[in-house]
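Take a look at the structure below.
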Amino acid sequence: MKLHSRHLLGLEGMSKDELTLILDTAVSFREILDRPIKKVPPLQGKTVVNLFFESSTRTRISFELAERRLSADVVSFTAAASSVSKGETLKDTARNIEAMKIDMVVVRHAAPGSAHFLSKVVDANVINAGDGGHEHPTQGLLDMYTLREKFGALEGLRVCIVGDITHSRVARSNIYGLLTMGAEVSVCGPETLIPRELGKFGVQVYHHLEEVIPKVDALNVLRVQLERQKSGLFPSMREYHRFFGVTKEKVSRAPKPITIMHPGPINRDVELSADLADSEHSVILQQVTNGVAIRMAVLYLLGTTN
Ligand code: CP
């Protein structure tokens with residue numbers, strides 16, 4: 001079994017078998033991360049370029065570690081320190097880098113569809129590390145991996161994504177992936193930050209945390225994008241925290257403990273209380289560790305079989 005596409009552009013349209021293949025492959029790479037020597041040879045002789053046009057801490061370091069642990073040669077690029085600051089386009093940047101004979105490109109860019117566009121203009125395998133508000137497929141995969149690790153299976157698992165669903169690439173990738181894997185997916189947030197058509201996809205929509213908390217196994221809490229307040233989509237941080245902030249006090253009303261996830265970076269005491277983020281119910285740092293294994297699995301599957 002191999003992935004159908006040479007690229008990983010999003011989780012939309014990927015089959016249950018493909019998602020399971022990535023999650024299962026990541027299990028063996030996760031085990032390697034606990035060894036004293038964490039390096040294995042599958043991508044020896046391959047060159048991977050990380051094209052980051054937007055800021056990133058977790059995704060960028062995680063991809064770089066994954067690439068190096070698979071023995072690839074790695075080149076990392078940031079827009080601010082490149083000729084993009086002189087006006088060079090994404091297409092020209094990518095084609096010039098490809099002319100240096102590279103094999104794979106990992107791209108983060110503010111424009112939705114940028115990874116798809118890149119896959120049409122370069123021969124290398126393209127991996128989407130987040131394209132605007134569209135998708136963040138490796139985040140969706142690492143979230144599913146973490147849930148499967150914790151609960152044993154995704155089928156029937158009840159997961160609620162909390163926050164700004166409309167502008168979130170993390171929410172989209174989670175929704176596509178979790179629904180395909182048979183999870184029960186809900187979302188909770190202000191009406192202004194939830195797309196109306198979500199119900200059609202089989203996603204339950206809530207506007208009150210108190211209503212959804214007793215019904216779920218896990219809450220995946222999204223970062224409040226501070227710029228949304230300026231655009232009037234919610235009145236203030238204090239107001240947001242009061243109604244949609246996930247706190248110890250709110251989750252303590254659930255009949256059983258709820259697993260707390262967050263893709264990072266966290267606005268502590270805005271969307272998630274600091275004590276809950278650091279509590280035994282939080283798997284936030286496990287998500288980060290598992291992200292390296294997921295990225296190793298994706299790089300391995302695309303770099304050796306596609
Ligand atoms: N989760 C995530 O994408 O974090 P970064 O923006 O730090 O990469």
Side-chain angles (χ1 to χ4, degrees), residues 8-12 22-23 26 30 33 48-69 74 76-81 105-115 118 126-147 149 159 161-178 187 189 218-228 246 259-268 270-272 277-278 282-299:
L8 179 69
L9 305 178
L11 301 191
E12 184 179 16
I22 298 173
L23 297 177
R30 176 67 189 82
L33 298 181
V48 188
V49 176
N50 300 306
L51 288 181
F52 277 69
F53 293 87
E54 263 192 338
S55 55
S56 166
T57 300
R58 277 145 293 271
T59 311
R60 185 174 160 176
I61 294 173
S62 182
F63 265 112
E64 279 200 31
L65 278 175
E67 291 150 8
R68 291 184 198 283
R69 284 176 176 168
V74 180
S76 289
F77 160 103
T78 42
V105 179
V106 175
V107 61
R108 169 170 288 194
H109 197 284
S114 48
L118 211 56
V126 175
I127 300 174
N128 182 4
D131 60 332
H134 176 228
E135 279 223 43
H136 191 349
T138 55
Q139 181 70 47
L141 286 162
L142 75 88
D143 289 346
M144 288 195 285
Y145 182 100
T146 306
L147 286 167
E149 181 178 59
V159 184
I161 306 166
V162 184
D164 178 358
I165 310 299
T166 300
H167 303 96
S168 172
R169 55 195 177 204
V170 175
R172 292 170 85 95
S173 290
N174 265 273
I175 289 169
Y176 290 131
L178 285 168
V187 295
L219 291 176
N220 196 347
V221 185
L222 301 177
R223 179 176 73 87
V224 170
Q225 300 182 38
L226 305 176
E227 61 277 17
R228 305 290 166 219
V246 178
T259 295
I260 302 297
M261 308 172 78
H262 192 299
I266 304 172
N267 297 304
R268 284 177 175 259
V270 179
E271 69 267 6
L272 182 60
D278 299 332
S282 162
V283 291
I284 294 169
L285 292 178
Q286 285 96 307
Q287 288 173 264
V288 177
T289 307
N290 294 337
V292 179
I294 279 292
R295 287 165 181 132
M296 286 174 82
V298 169
L299 288 156

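Since the structure is predicted, the reported quantities are computational estimates derived from the model, not experimental observations. Just follow the structure's listing: the first ligand is 1, and inside any ligand the first atom is 1.
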Test: Arg295 cationic atom under 6.0 Å from Phe63 six-membered ring centre, within 45° of axis: yes
Ion pair check, Asp278 and Arg268, cut-off under 4.0 Å: yes
Any donor-acceptor pair under 3.5 Å from Arg69 side chain to Leu33 backbone: no
Test item, Gly264 contacting ligand 1 (heavy atom, 4.0 angstrom): yes
Stepwise side chain to side chain donor-acceptor pair (under 3.5 Å) check, Asn267 with Glu271: CA-CA 6 Å; Asn267 297 304; Glu271 69 267 6; 3.1 Å; yes
Whether Arg223 side chain and Gly264 backbone form a donor-acceptor pair below 3.5 Å: no
Which residue and heavy atom of the protein sit nearest atom 1 (N) of ligand 1, plus the separation: Pro263 O, 2.8 Å
Protein contact to atom 6 (O) of ligand 1 [nearest heavy atom, distance to 0.1 Å]: Arg108 NH1, 2.9 Å
Glu54 heavy atom under 4.0 Å from ligand 1: no
Proximal atoms of ligand 1 relative to Thr57 (non-hydrogen, under 4.0 Å): 5 (P), 7 (O), 8 (O)
Carboxylate-amine/guanidinium proximity below 4.0 Å for Glu64 and Arg58: no
Protein contact to atom 2 (C) of ligand 1 [nearest heavy atom, distance to 0.1 Å]: Thr59 OG1, 3.4 Å
For atom 3 (O) of ligand 1, the option (of Gln139, Arg58, His136) bearing the nearest heavy atom: His136
